[in-house]
Trainee: 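If you scroll down you'll find the structure; I have some questions about it.
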Amino acid sequence: MRILQVCNVGNICGGTAACAWSITHALTGQDHVILFLSSPTKETLNAFRHCEVRVEKVIDDSIVEAIAPDVIILHNTSPDRVKISSEVFTLQFQHSAGKRASATKHVACSKWLADQLPGSPDVLYQPVPIPPQPQRSSSRNLDDELIIGRICTPTIRKWPPQLIDLYSELAEQNRSVTWEFVGTPPEMKDAFQAACRGRAVFHDASVDARHHLWRWHAMLYHHPALTESFGRTVAEAMRSGCIPIVDARGGFLEQITHEETGFLCTSVQDFAVGVESLRGHGERAQLSRNAVASANERFSLTAFYSQLRTLLFECRTNHVSKV
């Protein structure tokens with residue numbers, strides 16, 4: 001089967017390209033074509049070296065005819081970028097609210113998002129691979145000092161200044177915690193270092209940066225204004241046994257069971273309680289195991305493959321029944 005995926009942004013670190021990349025690995029043995037609507041970065045091209053990659057401003061009938069796909073997956077693609085009349089089965093995979101191009105079938109990346117969209121489309125969770133694991137790693141559950149990280153797209157929009165106050169309060173209460181950050185904009189590093197009482201460590205954003213999740217005891221995520229439809233990094237953390245401590249909003253609510261696979265927080269105090277709950281070795285180990293089991297069941301490549309097959313079968317059956 002030849003599968004064409006369309007991505008708006010050519011950056012594997014953030015956006016929908018990471019989801020498209022994961023789909024190519026969930027559907028192994030297929031012929032994959034990735035079409036970017038903006039120029040891909042060098043790192044992105046390297047990540048997709050196992051695929052045919054094209055860059056176009058729009059996708060139209062001539063492009064579809066040239067690629068000859070059996071299935072087209074549009075990732076959050078707007079109507080002005082799609083000019084096709086082809087009868088090829090097209091799946092619009094919505095990752096956020098907004099006007100999207102018409103398709104044979106629309107799906108949403110979470111129930112939270114689906115409830116906001118016209119027609120309440122079916123939910124299809126992103127496939128999330130297990131992050132690359134260091135060759136040598138000791139058991140985090142035996143550590144006395146905690147490492148808590150944050151990994152996010154390296155843009156100011158995802159690193160609002162209000163975070164400084166949160167980390168300042170948490171660092172004051174937890175003087176022995178090391179705070180690690182992946183993707184922090186350079187102009188904000190000094191402020192984070194000061195807030196963390198000199199115990200901040202910074203890493204560049206990259207595909208390989210996910211291996212830090214195996215060292216971190218927890219991943220903390222807060223944003224005062226943005227609500228995430230689906231927490232991809234939350235799923236990656238859970239699959240590596242890193243406990244999520246995150247906002248009680250959006251897709252996080254269906255990804256995490258509070259105090260069982262992570263912590264859902266609505267205040268600074270909630271975040272502080274989540275951090276304090278990691279102090280006990282036994283409790284931390286159980287939370288980690290629960291997180292892994294839950295994420296493996298719902299967000300693995302195998303789970304996505306099964307969900308997609310069921311969805312495509314139902315679409316085919318409904319089409320035949322209407323003929």
Side-chain angles (χ1 to χ4, degrees), residues 9-15 17-18 38 40-44 46-47 131-134 137 140 143-228 231-238 240 242-247 249-250 252 262-263 265 267-272 274-276 278:
V9 181
N11 192 343
I12 193 71
C13 296
S38 65
T41 64
K42 183 177 180 180
E43 186 177 25
T44 302
N46 184 58
Q133 186 172 5
S137 61
R140 289 169 293 193
D143 296 338
D144 291 321
E145 294 193 0
L146 300 175
I147 303 175
I148 298 177
R150 185 181 200 267
I151 182 169
C152 203
T153 307
T155 62
I156 289 292
R157 181 171 177 264
K158 289 296 186 79
W159 296 82
Q162 295 93 326
L163 289 178
I164 302 301
D165 291 339
L166 171 65
Y167 279 95
S168 181
E169 292 194 44
L170 293 178
E172 178 63 28
Q173 297 177 44
N174 299 276
R175 294 279 183 153
S176 63
V177 170
T178 297
W179 307 90
E180 297 198 5
F181 302 94
V182 174
T184 313
E187 61 269 34
M188 297 192 67
K189 289 183 179 180
D190 287 346
F192 273 101
Q193 189 65 264
C196 295
R197 310 300 191 268
R199 295 185 63 86
V201 178
F202 301 99
H203 305 282
D204 292 335
S206 70
V207 175
D208 296 333
R210 294 171 298 135
H211 77 269
H212 294 298
L213 292 166
W214 289 98
R215 295 188 300 103
W216 297 349
H217 301 90
M219 187 195 75
L220 190 148
Y221 181 87
H222 167 63
H223 197 296
L226 282 179
T227 299
E228 300 289 343
R232 184 176 176 85
T233 55
V234 165
E236 289 175 329
M238 293 173 72
S240 57
C242 176
I243 300 162
I245 305 175
V246 301
D247 290 325
R249 302 203 312 268
F252 296 162
F263 297 90
C265 309
S267 66
V268 174
Q269 184 57 32
D270 287 347
F271 282 103
V275 173
E276 185 61 31
L278 305 182

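Both backbone and side-chain heavy atoms feed into the values below; hydrogens, waters and symmetry mates do not. Numbers here are sequence positions counted from 1.
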Trainee: Please check: side-chain N/O of W214 versus main-chain N/O of P132, any donor-acceptor pairing under 3.5 Å?
Mentor: yes

Trainee: One pair to check against side-chain contact (heavy atoms from CB on, under 4.5 Å): E180 and R215. What are the steps and the verdict?
Mentor: CA-CA 10 Å; E180 297 198 5; R215 295 188 300 103; 2.6 Å; yes

Trainee: Any donor and acceptor pair, going by atom type alone, linking the side chain of S38 with main-chain N or O of G10 inside 3.5 Å?
Mentor: yes

Trainee: Grab the two heavy atoms, one from C13 and one from T153, that are nearest each other, plus how far apart they are.
Mentor: O-CG2, 4.0 Å

Trainee: Please round to the nearest 0.5 Å and tell me the distance separating atom NE2 of H212 and atom CD of E236.
Mentor: 12.5 Å

Trainee: Go through the steps for L213 and W216 under the test side-chain contact (heavy atoms from CB on, under 4.5 Å), then give the verdict.
Mentor: CA-CA 5 Å; L213 292 166; W216 297 349; 3.7 Å; yes

Trainee: Find the distance between CD1 (I164) and CD (Q193) and round it off to the nearest 0.5 Å.
Mentor: 10.5 Å

Trainee: Do the side chain of D247 and the main chain of T227 share a donor and acceptor less than 3.5 angstrom apart?
Mentor: no

Trainee: Can you tell me how far the OH atom of Y221 sits from the CG atom of L163, to the nearest 0.5 Å?
Mentor: 8.0 Å

Trainee: Do you know which two heavy atoms are closest between V182 and A209, and how far apart they sit?
Mentor: CG1-CB, 3.7 Å

Trainee: Donor-acceptor check, side chain of R197 to backbone of A195, threshold 3.5 angstrom: yes or no?
Mentor: yes

Trainee: Is the backbone of V275 close enough, under 3.5 Å, to the side chain of H217 for a donor and an acceptor to pair up by distance?
Mentor: no

Trainee: Which heavy atom of L278 sits nearest to which heavy atom of F263, and what is that distance?
Mentor: CD2-CE1, 4.2 Å

Trainee: Could you tell me which non-hydrogen atom of I156 sits nearest to which non-hydrogen atom of E187, and how far apart they are?
Mentor: CD1-OE2, 3.4 Å

Trainee: To the closest 0.5 Å, what do you measure between CZ (R150) and OG1 (T184)?
Mentor: 8.0 Å

Trainee: What is the minimum heavy-atom distance between P131 and R210, and which atoms define it?
Mentor: CB-O, 3.7 Å

Trainee: Taking C-beta and beyond as the side chain, do Q133 and S240 meet within less than 4.5 Å on heavy atoms?
Mentor: no

Trainee: When the aromatic ring centroids of F192 and F202 are compared, is their separation below 6.0 Å?
Mentor: no

Trainee: Looking at CG of N174 and OH of Y167, how far apart are the two atoms once the value is rounded to the nearest 0.5 Å?
Mentor: 12.0 Å

Trainee: Side chain of E43, backbone of V207: donor and acceptor closer than 3.5 Å?
Mentor: yes

Trainee: Any side-chain heavy-atom pair from K158 and E228 closer than 4.5 angstrom?
Mentor: yes

Trainee: Count the heavy atoms of every other residue, nucleotide or ligand shown that sit under 6.0 Å from CG of D204, and state whether that count exceeds 12.
Mentor: no

Trainee: If you take all heavy atoms of R199 and S176, which pair is closest and at what distance?
Mentor: NH2-O, 2.9 Å

